[in-house]
K.L.:
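I'd like to ask some things about the structure below.
Residue numbers count from 1 along this sequence. In this text the structure is predicted, and so the values were computed from the model without any measurement. Ligands are counted one by one from 1 in listed order, and the atoms in each one are counted from 1 as well. Excluded from the calculations below are hydrogen atoms, water molecules and symmetry mates; all remaining heavy atoms, backbone and side chain alike, are included.
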Amino acid sequence: MATYPPKVLIIGSGIAGLSAALHFSEFSDVTLLAKTSLDEGNTRYAQGGIAAVWAKNDSFAEHKKDTLEAGAGLCRESTVDACVQEGPDRIKELIEWGVEFTRDTDHPSDYDLHIEGGHHQRRILHSHDFTGLAIEEALIQKVRSHAKITVMENYMAIDLIMEGKLRTLTAASGLGRCLGAYILNIATNEIAPMAADLTVLASGGAGKVYLYTSNPDVATGDGIAMAYRAGARIANMEFMQFHPTCLYHPHAKNFLITEALRGEGGILRNLEGRDFMPDYHEMGSLAPRYVVSQSIDIELKRTGAAHVWLDITHIKPEEFAEKFPQVHSMCKKFGINAPREFIPVVPAAHYMCGGILVDEFAQTSIEGLVAIGETACTGLHGANRLASNSLLEGIVFSKRAALQAKNTLTSHVAPHAPKSLPAWEFGRAVDMEEQIDIVATWREIRTLMWNYVGIVRSNRRLNRARERLALLRHEVNEDYWKFKVNRDLIELRNLLTVAELIVESALRRKESRGLHLNVDYPKASPDEAHDTII
Ligand code: FAD
Ligand code: SIN
């Protein structure tokens with residue numbers, strides 16, 4: 001056995017990072033970082049719920065089939081099996097940790113189950129329509145009271161520290177093992193190295209790379225960009241999922257209208273009032289998500305409209321308020337008298353199906369570095385994620401990562417990070433006097449990603465995006481080395497890297513499949529039925 005407890009650094013406090021902290025703390029000291037407050041991240045905003053085989057008339061085979069169908073031929077089958085089969089146990093664990101899922105009003109000993117696009121069974125456990133918040137609150141309470149977990153809020157990982165920084169390695173070893181990360185104290189702008197025997201990236205998604213997104217501000221793809229700079233393999237970045245129904249209102253920032261409403265019979269209508277989805281898919285408004293978003297995009301372009309409608313007028317007002325309190329109060333806030341009135345909705349960037357390529361135990365291509373949750377590409381989602389499968393993936397893979405690491409980290413030959421690591425070098429960097437360049441460049445990236453690399457793509461637009469991003473890269477690099485880094489500059493640099501990875505991956509895929517629709521290759525090609533790995 002090792003002589004002292006291993007030290008694990010977890011970067012991110014969504015469902016993946018929090019549940020990992022609880023698992024890893026069974027055999028290790030854990031430091032858990034959050035860029036802002038512990039509860040801020042995509043998890044907090046999850047509405048619909050978490051998919052798992054729960055009902056008696058459901059089966060692993062059916063959940064697997066729906067996941068594979070949504071994934072459009074690119075899911076890794078062994079990963080799908082793992083998530084589907086381990087899902088129910090992980091949910092029981094969440095319940096033991098204090099997560100309260102909504103119960104079935106007719107049979108209170110059972111849980112109420114939602115259905116969403118692409119599912120052929122009711123299998124989504126939820127806490128009304130604020131599932132993510134309920135999960136965060138329960139897990140945070142456990143994590144905060146755990147003696148072996150140190151929580152650091154408002155601390156941001158800038159870059160991974162690689163063995164190659166300490167000594168010269170052979171070309172074949174790349175940058176070597178991951179030894180920890182440089183951490184920025186956002187309040188003071190001080191930077192310090194943090195050593196770890198194992199570093200866990202749980203830093204979430206990258207929706208902020210697009211102008212319109214359901215994601216909160218922290219979702220800037222930091223983990224993917226850090227891993228890429230460290231030489232890790234990154235996969236399937238062309239598969240950004242656009243959620244079909246975000247609230248369309250000039251003052252509503254990032255508000256999602258849950259797909260569970262379509263599960264309850266909600267229908268999408270164009271501005272002429274026509275139920276258009278059956279023209280595109282036999283499942284109508286409950287078709288897999290990419291089909292719905294792409295169909296809305298076609299309808300918007302065809303009619304010149306700015307949004308479509310979600311019609312939930314068949315739901316009784318008191319039932320709507322009781323079952324979907326969050327959507328109800330948000331509609332009210334913006335003067336929409338739902339369910340009596342239609343809700344105006346548009347698609348927005350929602351979920352990154354690609355990410356840091358990992359194996360079945362969350363191991364990246366770099367020793368000492370694992371990745372879990374939305375930042376990872378596990379193979380569960382393939383070319384399109386089935387609704388409510390991501391919270392599931394987060395809890396399944398945090399457990400798997402911990403189980404795997406336990407053997408290595410507690411063995412007598414366990415690799416330990418060095419006691420001291422080199423300090424961050426500021427060089428001749430000076431304080432940045434104004435933020436205007438950052439704000440303007442950030443907006444430029446997000447706008448061009450929306451216009452050129454959105455739901456429907458073409459070679460011409462992708463190439464233009466590549467050229468413009470290369471120009472911006474030059475400017476951002478100049479600023480990065482000239483000025484002392486702060487949160488905004490670090491995020492901008494990461495966003496740019498993620499944008500470039502998305503464009504590069506989209507250009508490499510010479511077909512249309514799942515979320516990636518390129519008018520120059522309108523069909524799927526059997527020759528392209530593989531991951532895009534950078
Ligand atoms: P997150 O929950 O996003 O957490 C990321 C963490 O990383 C945060 O703590 C952040 O502060 C931290 N972080 C990021 N960068 C750094 C850095 N550089 N240094 C330090 N910390 C950092 N999925 C479902 O399955 N069901 C749903 O119903 C559902 N609804 C959704 C609704 C909305 C509005 C959104 C946006 C997503 C939804 N999803 C849903 C997707 C799902 O919520 C996310 O994929 C999942 O929560 C991601 O969890 P995570 O732990 O990987 O990351
Ligand atoms: C929703 O509630 O519509 C979001 C579900 C998901 O993204 O999985």
K.L.:
Is the contact between His114 and ligand 2 made by the side chain, the backbone, both, or neither, using heavy atoms and a 4.0 Å cut-off?
P.N.:
neither

K.L.:
Mark up the atoms of ligand 2 that fall under 4.0 Å of a heavy atom belonging to Leu256, in ascending order.
P.N.:
1 (C), 2 (O), 3 (O), 4 (C)

K.L.:
Looking at ligand 1, does any of its N/O atoms fall within less than 3.5 Å of an N/O of Asn42?
P.N.:
yes

K.L.:
List the closest protein heavy-atom neighbour of atom 6 (C) of ligand 2: residue, atom name, distance to the nearest 0.1 Å.
P.N.:
Arg289 NH2, 3.1 Å

K.L.:
Are any of the N/O atoms in Ala387 less than 3.5 Å from those in ligand 2?
P.N.:
no

K.L.:
Taking 4.0 angstrom as the limit and counting only heavy atoms of Gly373, give me the atoms of ligand 1 inside it, by number and element.
P.N.:
52 (O)

K.L.:
Taking a cutoff of less than 4.0 Å between a non-hydrogen atom of the residue and any ligand atom, is Phe255 in contact with ligand 1?
P.N.:
no

K.L.:
Quick one: do the Glu393 and His381 side chains pair a donor with an acceptor below 3.5 Å?
P.N.:
yes

K.L.:
Give the atom numbers and elements of ligand 1 that come within less than 4.0 Å of a heavy atom of Tyr351.
P.N.:
45 (O)

K.L.:
Can you pull out the closest protein heavy atom to atom 29 (C) of ligand 1? Residue, atom name and distance to 0.1 Å, please.
P.N.:
Ala46 CB, 3.4 Å

K.L.:
When you measure from atom 35 (C) of ligand 1 to every protein heavy atom, which one gives the shortest distance, and what is it?
P.N.:
His350 CE1, 3.4 Å

K.L.:
Please report which non-hydrogen protein atom sits nearest to atom 19 (N) of ligand 1, along with the residue it belongs to and the distance in Å to one decimal place.
P.N.:
Ala157 N, 2.9 Å

K.L.:
Pick whichever of His243, Glu40, Lys35 has a heavy atom sitting closest to atom 8 (C) of ligand 1.
P.N.:
Glu40

K.L.:
For atom 40 (C) of ligand 1, which candidate among Gly207, Ser390, Gly17 holds the nearest heavy atom?
P.N.:
Ser390

K.L.:
With heavy-atom distances below 4.0 Å as the criterion, list the atoms of ligand 2 near Glu259.
P.N.:
1 (C), 2 (O), 3 (O)

K.L.:
What atoms of ligand 1 come closer than 4.0 angstrom to any heavy atom of Asn389?
P.N.:
25 (O)

K.L.:
Please report which non-hydrogen protein atom sits nearest to atom 16 (C) of ligand 1, along with the residue it belongs to and the distance in Å to one decimal place.
P.N.:
Asp222 OD2, 3.7 Å

K.L.:
With respect to Lys35, which candidate in Asp222, Asp488, Asp217 satisfies the salt bridge (Lys or Arg N to Asp or Glu O under 4.0 Å) definition?
P.N.:
Asp222

K.L.:
Output the list of atoms in ligand 1 that are nearer than 4.0 Å to some heavy atom of Gly48, sorted by atom number.
P.N.:
28 (O)

K.L.:
Among all protein heavy atoms, pick the one closest to atom 47 (O) of ligand 1 and tell me residue, atom and distance.
P.N.:
Thr43 OG1, 2.8 Å

K.L.:
What protein heavy atom lies closest to atom 48 (C) of ligand 1? Include the residue and the distance to one decimal.
P.N.:
Glu374 OE1, 3.7 Å

K.L.:
Which of the numbered atoms in ligand 2 are below 4.0 angstrom from a heavy atom of Ser388?
P.N.:
6 (C), 8 (O)

K.L.:
Using a 3.5 Å cut-off on N or O atoms only, is Thr258 in polar contact with ligand 2?
P.N.:
yes

K.L.:
Ile15: heavy atom below 4.0 Å from ligand 1, yes or no?
P.N.:
yes

K.L.:
Do ligand 2 and Ser390 have nitrogen or oxygen atoms that lie under 3.5 Å from each other?
P.N.:
no

K.L.:
Which atoms from ligand 1 have a heavy atom of Ala202 less than 4.0 Å away?
P.N.:
5 (C), 6 (C), 7 (O)

